[in-house]
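Let me begin by presenting the structure, written as structure tokens, before commenting on it.
For the numbers below, each heavy atom of this structure counts, side chains included, while hydrogens, waters and symmetry mates do not. Starting from 1, each residue takes its place in the sequence as its number.
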Amino acid sequence: MIFFQKTKCFFPIFFCAAFFLISCNQKNAPEQISPASDEVVFLEKSNSVFEWFSITRDGFERIERPQKAPPVIKKPWTEALRISYMAQAAENSPLDLDAKSAPKIFALVNRLGVIAFGAEENKIFKDDSIFANRSAEKIVFMNGVPVISVYKNSFFNEKISAHEMFRPFLVQLAQDSGVFFPILTYENLALDEKTQVNDFCWNGTQWFCSTKSSDENETKFEYLKFRPETTLISISPEKNFLLIEESDEDEFRAQRRPHRFSYAPERVKELLENLPDDFNFYAECKIASGPTPREYLHGRVSSGAMRKATVQISDTWIAALFEDGTMFLNGALYGRKILNGGKPIALRLPKLPEGYVYSDFGISGTQFFAAWEESEFFKTGRAGFIKVDLGKILY
């Protein structure tokens, strides 16, 4: 049985303007950060410990350096072939088919599929029926299993078919078989063909969705929430066990609103405590095998350039990566001893060419993977990742 109501609301101008400012700053290549630490490990000086790869239609291929990747036509980042999100699995995760293996990283490749990065091997999982004509947004975890969200951006896909029979929203990857299958569709949410889920939040207990519909006169946002009556990954489009309820702009914004950095987890604050007080940055904090990331603002959006940091919080380590390649790491990598007496370490990834940025990252065992892309405002060109053997550098 489905209970369903929606509240209509016009575009939340202030909230979107702040998000737009942050997003635009994310797409501009910043100057390099100067860590306060006296000990900075420069990976550029140790090129034997890292390798460059570019994303291709078949998966990925090794390249000499990013600017040597095959040229591509720049496209809006929602439409480009790029790593859009990287999710870190926790230790003892059911995703690791070999119980003794290091936790994996799942890189969501827009318009392609998923790359599973591991300490020993990297594997690509593709499905054109799901990814070729849809944008892949993010990965969250439910009971240790990754759940992928996909959508069609109506702004860049004006000819979305009103007769499309298959409209997935959430998709699961069965890693043992390499098969993707939908667990929730737009039909399950009672959304028509003109409506898109433009943002969502899974807080570990409940799902919150913001939907968007447009016509010639106006753009409307509507809000809903649902709590699965059973484990979501056991749901199929044919068997719907959702209790869908009314939500509103305020409730949704409360879930997605960035928090002050003073409210960040202590491990995050300790990791970045050496950054200057007047340094403005935006931290997207992900927990291994966790729900939607929480965001924290250090400084004010209106006070100058807002740098972006991606933070991964794992069982035994925590790390943050800024777009210029400045990285902070604290703790112990999988199966290894604690680094630097328990104090944070600053690392500098190889400097990217002008117009390129680092975006997301993950660590499997002692193997570090970071996504990079050629970025111009809202468009993306070449894209790929760097693989770094931290074991050779730090142990």
Side-chain angles (χ1 to χ4, degrees), residues 32-53 62 65 86-93 95-107 115-123 265-275 285-289 309-322 324-352 358-372 384-395:
Q32 284 205 315
I33 300 167
S34 298
S37 173
D38 294 330
E39 296 182 4
V40 181
V41 179
F42 290 87
L43 272 63
E44 194 80 68
K45 299 178 180 179
S46 306
N47 58 11
S48 62
V49 300
F50 65 83
E51 301 173 278
W52 295 105
F53 295 85
R62 188 173 178 179
R65 52 185 183 272
M86 294 178 75
Q88 183 82 40
E91 291 185 17
N92 303 316
S93 168
L95 300 172
D96 297 313
L97 302 182
D98 178 357
K100 296 181 180 180
S101 65
K104 291 183 175 62
I105 308 143
F106 293 83
I115 302 175
F117 290 122
E120 303 297 332
E121 68 171 345
N122 309 316
K123 190 172 181 179
E266 288 301 316
R267 291 177 68 189
V268 178
K269 290 189 285 189
E270 291 172 2
L271 178 70
L272 302 174
E273 64 182 355
N274 286 331
L275 290 173
C285 297
K286 306 177 182 180
I287 298 176
S289 291
T310 298
V311 179
Q312 294 277 12
I313 305 174
S314 190
D315 303 86
T316 59
W317 57 265
I318 180 172
L321 177 66
F322 286 85
D324 71 335
T326 301
M327 177 182 169
F328 298 91
L329 174 65
N330 192 17
L333 299 185
Y334 181 80
R336 298 299 186 97
K337 64 181 182 180
I338 295 177
L339 294 163
N340 197 32
K343 298 179 181 179
I345 294 174
L347 301 95
R348 184 87 78 185
L349 300 184
K351 187 175 181 179
L352 292 170
Y358 288 104
S359 57
D360 215 336
F361 76 98
I363 303 174
S364 180
T366 59
Q367 301 302 308
F368 170 87
F369 300 86
W372 59 263
F385 61 91
I386 184 174
K387 176 184 177 182
V388 181
D389 190 339
L390 292 180
K392 292 181 179 180
I393 300 171
L394 303 178
Y395 290 98

Quiz prompt | From CA spacing to verdict: side-chain contact (heavy atoms from CB on, under 4.5 Å), Phe369, Asn122 | solution = CA-CA 11 Å; Phe369 300 86; Asn122 309 316; 3.5 Å; yes

Straight-line distance of [X] [atom1] to [Y] [atom2], nearest 0.5 Å:
X	Y	atom1	atom2	value
Met327	Leu43	CE	CG	9.0 Å
Leu333	Ile363	CG	CD1	5.5 Å
Lys392	Ser48	NZ	OG	6.0 Å
Ile345	Leu339	CD1	CG	4.5 Å
Gln88	Ile313	CD	CD1	11.5 Å
Glu91	Ser101	CD	OG	10.5 Å

Quiz item: Does a side chain donor of either Arg336 or Thr366 reach within less than 3.5 Å of an acceptor in the other side chain?
Solution: no

Practice problem: Take Phe106 and Ile115, measure what side-chain contact (heavy atoms from CB on, under 4.5 Å) needs, and give me the verdict at the end. | Solution: CA-CA 6 Å; Phe106 293 83; Ile115 302 175; over 6 Å; no

Quiz prompt | With Lys269 via salt bridge (charged side-chain N to carboxylate O under 4.0 Å, His left out) - residues at least two apart | solution = Glu266

Quiz item: Which pair of heavy atoms, one from Ala107 and one from Met86, lies closest together, and at what distance?
Solution: CB-CG, 4.0 Å

Quiz prompt | Contact summary for Ala332 and Thr316, nearest pair of heavy atoms | solution = O-OG1, 2.6 Å

Determine whether [X] and [Y] make a side-chain contact, defined as any pair of heavy atoms from C-beta on separated by less than 4.5 Å.
X	Y	value
Phe53	Lys387	yes
Phe117	Lys123	no
Lys286	Asp360	yes
Ser359	Trp372	no
Leu347	Leu329	yes
Tyr334	Trp317	no
Phe328	Leu272	yes

Exercise. Could you tell me whether Asp324 and Arg348 make a salt bridge, using a distance below 4.0 angstrom between a side-chain N and a carboxylate O?
Key: yes

Quiz prompt | Expected output: side-chain Ser364 to main-chain Pro103 donor-acceptor under 3.5 Å | solution = yes

Quiz item: Does atom CD of Glu120 have more than 12 heavy-atom neighbours, drawn from other residues, nucleotides or ligands, at distances under 6.0 Å?
Solution: no

Quiz item: Taking only residues two or more places apart in sequence, or in another chain, which ones meet Ala370 in a side chain to side chain contact (heavy atoms under 4.5 Å, CB included)?
Solution: Leu321, Leu349, Tyr358, Phe361, Phe368, Ile386

Exercise. Return the set of residues passing side chain to side chain donor-acceptor pair (under 3.5 Å) with Asp389 (not counting sequence neighbours), or none when no residue passes.
Key: Gln367

